[in-house]
Amino acid sequence: MENSLKSIGLTDGEIKVYSAILELGTATINKIHEKTGLERRTIYDVINKLIEKGLVSYTLENKRKTYQCSHPNKISEEIDTREKELDELKKKIPEFTGKFNSSKPEIRAEVFRGKEGIKAIFEDMLNYKENYFIGGGACIAKKLPFYWENYNKRREKLKVKWLNLARADLSKEEVIRGEFIETKKLPKDFSGSPSVIFIYGNKVANVLWGEEFFAFVIESSEIADNYKRYHKYLWKSVG
């Protein structure tokens with residue numbers, strides 16, 4: 001339930017207090033304190049926020065407040081509000097994209113680390129009909145097999161073509177295979193390096209498949225075009 005309530009903007013403290021009141025039915029500050037272990041001052045602050053959000057109400061009897069959760073329909077209303085806000089935000093994406101593109105420098109560089117960073121690069125490659133690789137193997141399939149299985153299905157559905165110049169020292173099992181993937185072997189001089197160059201659109205990524213995934217991405221039409229010409233030359237040279 002905690003992750004679900006986070007999706008409507010509740011903090012960890014708000015979730016703890018809300019869940020405690022929901023389980024208790026009606027609750028005093030003391031009961032909430034026993035249930036959550038939170039300090040009383042914190043509980044007062046959190047309850048006031050929940051009351052402002054319409055998720056909790058209270059009754060006053062003999063100058064003593066007892067708290068109870070509002071009907072869960074209030075959560076449903078909050079979800080509807082969030083969805084409308086997200087729909088409005090989605091409509092503004094083209095505007096944001098236009099401003100993003102107009103404000104970008106001619107050459108842009110970014111560093112990506114870890115699994116999520118590498119995934120972001122692969123997701124971006126789906127936006128381009130042809131991706132080029134120099135020194136590519138099967139690291140993504142080996143190191144992130146579940147992600148690769150799902151990703152490759154989407155790539156094949158979009159008919160994104162891969163032109164892979166694989167290292168000479170890699171066996172057949174160590175080279176990516178699949179629909180819309182063409183592979184040629186590089187000369188032996190290119191063997192041994194765990195670094196791979198990805199070229200897609202106007203971007204060039206130097207990816208290091210070490211213990212921690214690392215990638216340095218340059219965004220420049222001029223640099224990307226030069227790398228594509230280099231890839232084309234190697235592709236023709238290896239026959």
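FYI, side chains are in, hydrogens and waters are out, and symmetry mates aren't considered; it's all heavy atoms of this structure.
- Aromatic ring centres of Phe213 and Phe112: separated by at least 6.0 Å.
- Between the side chain of Arg155 and the backbone N or O of Val160, at least one donor-acceptor pair lies under 3.5 Å.
- The local environment of CZ in Phe96 is crowded, with over 12 non-hydrogen atoms from other residues, nucleotides or ligands closer than 6.0 Å.
- The distance from the CG atom of Leu186 to the CG atom of Asn164 is 8.0 Å, given to the nearest 0.5 Å.
- By the neighbour-count criterion of 12 heavy atoms within 6.0 Å, atom NZ of Lys153 is sparsely surrounded, having that number or fewer from other residues, nucleotides or ligands.
- Clustering ILVMFWY residues whenever any of their side-chain heavy atoms sit less than 4.5 angstrom apart, transitively, puts Leu170 in a cluster other than the one holding Val238.
- Between the side chain of Lys84 and the backbone N or O of Ile79 there is no donor-acceptor pair closer than 3.5 Å.
- The main-chain N or O of Glu149 is never found under 3.5 Å from a side-chain atom of Asn152 such that the two would form a donor-acceptor pair.
- Residue pairs that meet the side-chain hydrogen bond (donor to acceptor under 3.5 Å, both in side chains) test with at least one member in residues 43-54, sequence neighbours left out, are Glu14-Lys53.
- Summarising the local packing, NZ of Lys232 is surrounded by 12 or fewer heavy atoms from other residues, nucleotides or ligands at distances under 6.0 Å.
- One distance of note links CD1 of Ile8 with CZ of Arg82; it measures 7.5 Å at 0.5 Å rounding.
- Atom NZ of Lys16 sits about 5.5 Å away from atom CG of Leu38, to the nearest 0.5 Å.
- No more than 12 heavy-atom neighbours from other residues, nucleotides or ligands sit within 6.0 angstrom of OH on Tyr58.
- Note that CD1 of Ile181 and CG of Leu163 are 10.0 Å apart. Values are rounded to the nearest 0.5 Å.
- Cation-pi contact between Lys159 and Phe180: absent, since separation from the ring centre below 6.0 Å together with deviation from the ring axis within 45° is not met.
- Using a 4.5 Å cut-off between side-chain heavy atoms of Ile, Leu, Val, Met, Phe, Trp and Tyr, with links allowed through other members, Val204 and Val111 fall into the same hydrophobic cluster.
- Residue Ile29 is not grouped with residue Leu24 when hydrophobic side chains (ILVMFWY) are merged at heavy-atom distances under 4.5 angstrom, including chains of intermediate members.
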Less than 3.5 Å apart, which donor and acceptor atoms pair up between the side chains of residues 130-138 and the rest of the protein, not counting sequence neighbours?
| from | atom 1 | to | atom 2 | distance (Å) |
| --- | --- | --- | --- | --- |
| Glu130 | OE1 | Tyr132 | OH | 2.5 |
| Asn131 | OD1 | Trp162 | NE1 | 3.1 |
| Asn131 | ND2 | Met125 | O | 3.4 |

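- Lys185 approaches Arg167 most closely through the heavy-atom pair CD-O, 3.3 Å.
- In this structure a side-chain-to-backbone donor-acceptor pair under 3.5 Å is present from Ser70 to Gly54.
- Contact record, Gly114 with Glu212: N-CG, 4.4 Å, taken as the closest heavy-atom pair.
- Across Leu158 and Lys129, no two heavy atoms sit closer than the pair O-NZ, 2.6 Å.
- To the nearest 0.5 Å, atoms OH (Tyr151) and CD1 (Ile140) are separated by 8.5 Å.
- Ile15 contributes atom CD1, which lies 13.0 Å from atom OG1 of Thr36 (distance to the nearest 0.5 angstrom).
- The closest side-chain donor-acceptor pair between Asn206 and Ser195 falls under 3.5 angstrom.
- Within 6.0 Å of NZ in Lys31 there are 12 or fewer heavy atoms belonging to other residues, nucleotides or ligands.
- Tracing side-chain contacts under 4.5 Å through hydrophobic residues (I, L, V, M, F, W, Y), one never reaches Leu165 starting from Val175; they form parts of separate clusters.
- Side-chain heavy atoms closer than 4.5 Å link hydrophobic residues (I, L, V, M, F, W, Y) into clusters, and following such links, even through other members, never connects Trp209 to Phe146.
- The closest side-chain donor-acceptor pair between Thr66 and Thr26, if any, does not fall under 3.5 angstrom.
- The shortest heavy-atom contact between Gly13 and Val46 is O-CG1, 3.7 Å.
- Using the six-membered ring where Trp is involved, Trp235 and His231 have ring planes that are parallel, under 30° apart on the 30 and 60° scheme.
- Of the N and O atoms on the side chains of Ser171 and Glu174, at least one donor lies less than 3.5 Å from an acceptor on the other residue.
- Shown here is Glu39, whose CD atom has no more than 12 heavy atoms of other residues, nucleotides or ligands within 6.0 Å.
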